[in-house]
Every structure is written in structure tokens, then in C-alpha cells.
Amino acid sequence: MKEVLSFSYVELIGLFEREFPNVLQGARVSRDWREFERFLKEYVRHSLTGHPSSSLIKRFFRIFMNEARYIRDFSTGEKIRYEPIKWLWLALRGNEDDIHPDFLIDWYYLFKKYQAGREVLPDRKKCKEWGERWKSGMDDGVIHERQENKERICRLLISKIEKRDKMNTRYRFDADMNEGRKEELIREWWGDYKFHLALAIRDPDELNMFMGKTLSAGLIELLHEAKQKGIPFFVTPYYLSLLSVRPGGYDDSTIRSYVIYSRELVEHFGQIRAWEKEDVVEPGKPNAAGWLLPNATNIHRRYPEVAIFIPDSMGRACGGLCALCQRMYDFQKGHLNFNLERLKPIEGWESKMERLMMYYEHDSQLRDILITGGDALMSQNQTLEKILDAVYRMAARKREANKYRDKGEKYAEIQRVRLGSRLLAYLPSRVNDGLIDVLKRFREKARQIGIQQFFIQTHFESPLEVTEEVIDAVRRLLAAGWIITNQLVFTVASSRRGHTARLREVLNRVGILTYYTFSVKGFEENYALFAPNSRSEQEVKEEKACGQMSAELETEVLSLFEHPERVTSELPGILDRYHQPFLATDRNVMNLPGIGKSMTFVTVGLTKQGKRILRFSLDVGRRHSPWVDHVGDIYIVENKSVAAYLRQLQELGEDVEDYISLWDYSEGRTESRFALFEYPKQKTGMTGDYTNLSIDS
């Protein structure tokens, strides 16, 4: 496969001539593409006679059973020409036109599949070998290198503080302070999350200096262009210490791609649109999912049961800017930013928050509030407690009001509260005594009014992000009674063989359950990071499968998580007892704009560039907005070809022969939800009617 990925158009025609001469001859003798289509149907039927799997012939025919010659990309609204059989006929006859070689490569492997027998999945031993390639933040060599990083960064921080306006910071040195005392203070401040926020790196040249001047001239030029276009820089000293600057150091490309911007992101910044169409709100009009919302900035909603709450506080910032942030358009507009002082709550916010809580209180279906941003834990402890207190009062009023509603007319009551935060990875020192006290107090009183589930929904992208500081933060959060779940974004770097499985293993060992593995949303600004959905399906079948649980193990895990404070000490022992490498509790999914999460799709064609066209169906395992009944076919055009993705893996040092079965994954089915993530049963008598819903037919 390695050679094929580099073949020119002429070389690919030669490949077809050697391996599929009948197909090439059929294209050359067919007078038009319709005749070639008829030829292909007979060719495939003949080739698969007696074949043990009927799925292959179904897969082939899907590509040209759709009579429409145009589809509308659901994400962009763009009308896409769709004639893969005609283009194949033209290409094989020597009419290149604007047909990319990747188009022919995908067709080549489609035909190759018919020559193969049954698929052979990797065994657990192979999966273990893939996973063992990836270091964690707890490996001795990694720890040692990061200690060197910390010492270098601390020296630079001393210089940075000396140059700052000393009257304008709590982190300053007295005029007569010697170097030894300065070093002591820096080490002391290192454990204070506010220190890292105050001293965050915000400039490309400063970033290069703190990285030991290891960035190339071309990359520095690109980052300066990014700054000129208004893309924020915000990297804390702690997170910067996780990156390797040694020649031949550990492979940090997964986390490095979060703070180093791609050419595509820089070029498209300013024209970025919201992939989550439902997040775009016009006053008085329903959003893309049909929901009426009080404003465009504080509440986002897609599903009947849950609505996101974004406070007007420092929670509109983050501990760093993820290069693939799904709210990049909000950073583009300035709604989310890193002006931390300006983001502190202003007078009148608490009254506004109470009004916003009325949306949840008077909605018939909402029972889950996800407080995020930005980042929920960027809010200071006092601010976060006020937000949680407002949630508590709202939930209590909603429950009380149900006492006066008739059976069949009662509203859903709040059962789940979640805090969305990446600070466990970006800045684990944020989990301090004050935060733990706030979370404990809220949980204790919230349970008394029927709230049953308390989640910290975090985002680790690599096992390299799991450090001693993280382990301590996780232990404290679990002891406070909050379950921690992880959402991974399946980037090119994180999609490498065994990487996601290794992350699950490392996270489980410290007490974190995996929740979602998300495909990168596929607009052009994220081209460099997008991994095709076929790779996500391959990962499920060939790697995640090693973590499937028996019914007995699942029952034991569910019982353990009824007592979060026991998870840290007991979960590793359970894994060992069952010889379980990790718990496959997450679902691999893609967010469909305005609809929801799904990985139920079939490949129905290719563009001239070799990008696969997928037709998605809904996740039948959960409720959706009634609006989806009006959607029709959901087509998504992936933003790169499978061949282009594999070439990216080659550049990262991967052996693409390890991915040869990737071509075979042309359809998927959404996995079932782990029982812990299901909503608790509601009381009887709840209404099926919707409030805050308007569907324009």
C-alpha cells in the first residue's frame, strides 16, 4: 500500500491494467458511462458468485444505486456533484480532467476487496503491541525530561516577571530579592493555577523562547500570521512543560497539535462557521434543531433532555485554546476570549442568571444541565458556587411545581448536572481545596431534591497528559462524589494504532471513564486534524474490541461507580482481576449539525478528489428533537480522502500496512450507550408535550 499512495495517475492506470484488466477493458469498450455501469454490475455479480459474504456486493451497489446525480452536504449546505461511475469510466479511459489520483486509489482498494477472503481481525496481542508504543506522563523518561522542561521554563518565568509592571501583578519580586529566593517563589507559585493563567504564553516569539527556540522559521512565520489574523495564543507554563523539545524526545505530536496551529486554520480564520448549526441563534426564531432559546450566547440546545449553559464569567475562557475547538467561531467573534479580567462577572449577572434558569425550570423535557463555556472550571470558586446554587434553586422549584401538576402533565425534573472542563489536562492545580468544598456542598444538598448524577466531563487527548498532578486532582474530585468522564477528539495524531486504546487504559487506571470518541468536525480549517470515519470504525472493531466487558464485569463496574470515592483504589484491582486492559465505555460518534451524535452511516460515493460521501442515519438509542422528522437524507462529505489521511500517518512515522483494512470500513453503526450514562428513570406521569419548540414546516 505504501507505494500505491504515491502513484501518479498514469501509474494507477497501469496498476488497474495489471490487476483488473477486465475492468479496464470494460471501460475502454463501453460507449458511454451508462454502458460501463451495466458492465460493472455484471462484473461484480460474477466476481462474487459463491463468495461467503453478501455484504461486499451490497457495498459495491450502494455507490451507484442512488439515482440522484447531486447531493446536498448537510454540514455546508453545498450542492455536490455526485457521479462516481461516470468519473471512473472517464479516468480509466485516460480522461484525467480534474479527477484526483486518490479517487482511483479508493476504487482500486474497493476492487481489491473482492479478491480477498474473510476479514481477519487483529488479536489482543497485536492490540497490546500497538498500545505499548505510547508513553504516558507517568513513564520515568517522560518525567525526567519534563523536570528539565520545568527548570528551563521557571528560569524564563523569573525573567518574564522581572520585566512586568510590578505594581500590576500579585506575582512579583521585591527589589532586594536574591536569585535563590526568586527560584523558591517560582516553585511555590507553580502549584497555584492562577499563576499559570497570569503568566500564560500569548505570543509566537515567546512560545518559541519557552520551547528552547526549537520551532522552525517557517512555523514561527505561520504563527505570526495567525496572531495578525486574531487567533488567540494562550498556553500555560504547566502545559508547555508537557511538550518535548529534545531531539529524539518522546512523541508529543498529539498534544502539540493542540497548541500549534495548522496552515488551514490560519487561512480560514475569519470565515469559520459553526459546525453545530443549532448554536447559531436569532432572536425570536428557533435554532437549527427547532428549539426556542432566550438568547444567542448563554444557552445552546440540540436534544430534548439537555441544554448547555454558558455563564457570563471567566468560564467563557479556557486554560488554553485547542486548535480544533468546536467554538472557534466564537473566539473568532470575540464572544470567547482570554481577557480574564474583563470576563469577571459584572453587576447584574446574577439577576440575568436567575432569568436564564427559568428556561430550564419551565421546560417540559429538560433534566440535564451541562455547564461549560469556554470551561466551567475557569470560573472562580465563588462564581461557580453561585452558578450551582442557582441550578439548585431552579431544580427545587421545578420539583415543587410538579406537586401541583396532574398525572401526565408533570415536567421532567433535573437529574443530572455536568461541568465541562479541560482544565484537568491543561491545569490540574485548578482542583484546589476551595473547589472541592464547593462541589461537595452542592452535591450534598442537590441529592436531597432528586439530582442523582454529578459528572465532571473532561477532555484528555493523550496518555502524555496524565501526570502526578492530574492523578491527585482526579482522586480529590472522585472523593468529593463527582464521576469523571472523558471526551476524546479523534485527530490524525490520536487516531494512530493503539493510541486511543492506550489512553483508555491510562485513564481507567486513575479512575476516569471514557464517554465519547468524537470525529473531528470536517470544515476546511480542520483539514490537518481530520481522521476519516472509516478509521473510527476500524478502531472500534480492531482495537476498542479488546475492552469489551462481560455482563459480570459491567455489573461490578456499575456498582463501584455508585461510590465514586472508592473508584481510585478499587478500579485498578477490578481490571487486573478480569484481565481487562481497559473498559470500552465510550462511543465513537460524529456530531451531525443540528441533529446529534451518530456513527450509523453508509458510504454512497466519492467526490473527484477521492473524498468519501457518507449517508448518515440517526442514533436510534436516544431521543432527538422532533425537528429531525423533517430532515430527509443526511449526507456528509468528508474533508479529505482516505489516501490523504494515510499519507499524513506516513509523515508521522506510521507503517501504513498496519492500516490496510481501513479501506474495508465503508459503513458503521452507532454503539449502545454504557448503562452509567443513561438517564435515571423518571417518575410516572411525565408529559410527552414539548415546550420551547417551534418547527417551521
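In this chain, residues are counted from 1 in sequence order.
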Taking NZ, NE, NH1 and NH2 as the nitrogens, is one of them in [X] or [Y] under 4.0 Å from a carboxylate oxygen of the other?
X: Arg301; Y: Glu276; answer: no
X: Arg422; Y: Glu461; answer: no
X: Lys541; Y: Glu537; answer: yes
X: Glu361; Y: Lys398; answer: no
X: Arg502; Y: Glu505; answer: yes
X: Arg430; Y: Asp375; answer: no

How close do [X] and [Y] get, counting heavy atoms only, and between which atoms?
X: Val520; Y: Met590; result: O-CE, 4.1 Å
X: Ser462; Y: Thr254; result: CB-CG2, 4.0 Å
X: Gly284; Y: Leu292; result: O-CD2, 4.1 Å
X: Ile595; Y: Tyr303; result: O-CE2, 3.8 Å
X: Leu424; Y: Val470; result: O-CG2, 3.2 Å
X: Glu543; Y: Phe582; result: O-CZ, 3.6 Å

Answer yes or no: is there a donor N or O on one side and an acceptor on the other, between the side chain of [X] and the main chain of [Y], under 3.5 Å?
X: Glu638; Y: Phe530; result: no
X: Ser494; Y: Val489; result: yes
X: Glu413; Y: Gln682; result: no
X: Ser598; Y: Ser617; result: yes
X: Asp389; Y: Arg393; result: no
X: Gln580; Y: Gly547; result: yes
X: Asp368; Y: Val306; result: no
X: Thr555; Y: Ala551; result: yes

Do [X] and [Y] meet the criterion of a side-chain donor-acceptor pair at a distance under 3.5 Å?
X: Thr514; Y: Asn486; answer: no
X: Asp312; Y: Asn298; answer: yes
X: Thr383; Y: Ser313; answer: no
X: Lys683; Y: Asn402; answer: no

> Taking the six-membered ring of Phe601, is the NZ or CZ of Arg615 close enough (under 6.0 Å from the centre) and on axis enough (within 45°)?
Replying inline: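 No, Arg615 does not sit over the ring of Phe601.
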> Does NZ or CZ of Arg416 fall inside the cone over Tyr679's six-membered ring, less than 6.0 Å from its centre and within 45° of the axis?
Replying inline: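 Yes, Arg416 lies over the aromatic ring of Tyr679.
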Cut-off 3.5 Å, no hydrogens considered: what does the side-chain donor-acceptor table look like for residues 561-568, sequence neighbours left out?
residue, atom, partner, partner atom, Å
Arg566, NE, Glu570, OE2, 2.9
Arg566, NH2, Glu570, OE1, 3.3

> Does anything in residues 572-598 pair up under salt bridge (Lys or Arg N to Asp or Glu O under 4.0 Å), and if so which pairs, sequence neighbours excluded?
Replying inline: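 Pairs touching residues 572-598 that pass the test: Arg504-Asp586, Arg509-Asp576, Lys544-Asp586, Glu556-Arg577, Arg587-Asp619.
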For residues [X] and [Y], establish whether the separation of their ring centroids is below 6.0 Å.
X: Tyr258; Y: His459; answer: yes
X: Tyr392; Y: Phe442; answer: no
X: Tyr635; Y: Phe74; answer: no
X: Trp275; Y: Phe523; answer: yes
X: Phe338; Y: Phe331; answer: yes

> Should the ring pair Phe677 and Phe674 be called parallel, tilted or perpendicular, given that the plane angle runs from 0 to 90° and is split at 30 and 60?
Replying inline: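 Taking Phe674 first and then Phe677, their aromatic rings stand perpendicular (interplane angle over 60°).
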> How are the rings of Tyr690 and Trp291 set to each other: parallel, tilted or perpendicular (split at 30° and 60°)?
Replying inline: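 Tyr690 and Trp291: tilted rings.
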> Does the pair Ser364 and Asp689 meet the rule for a side chain to side chain donor-acceptor pair (under 3.5 Å), with working shown?
Replying inline: CA-CA 7 Å; Ser364 61; Asp689 294 337; over 6 Å; no
More than 12 heavy atoms of other residues, nucleotides or ligands under 6.0 Å from [atom1] of [X]: is that the case?
X: Arg447; atom1: CZ; result: no
X: Lys445; atom1: NZ; result: yes
X: Arg669; atom1: CZ; result: no

>> Test of understanding: with side-chain hydrogen bond (donor to acceptor under 3.5 Å, both in side chains), list the residues that count as partners of Gln457, not counting sequence neighbours.
In response: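 Testing Gln457 for side-chain hydrogen bond (donor to acceptor under 3.5 Å, both in side chains), a comparison that skips the adjacent residues, returns Arg418, Gln487.
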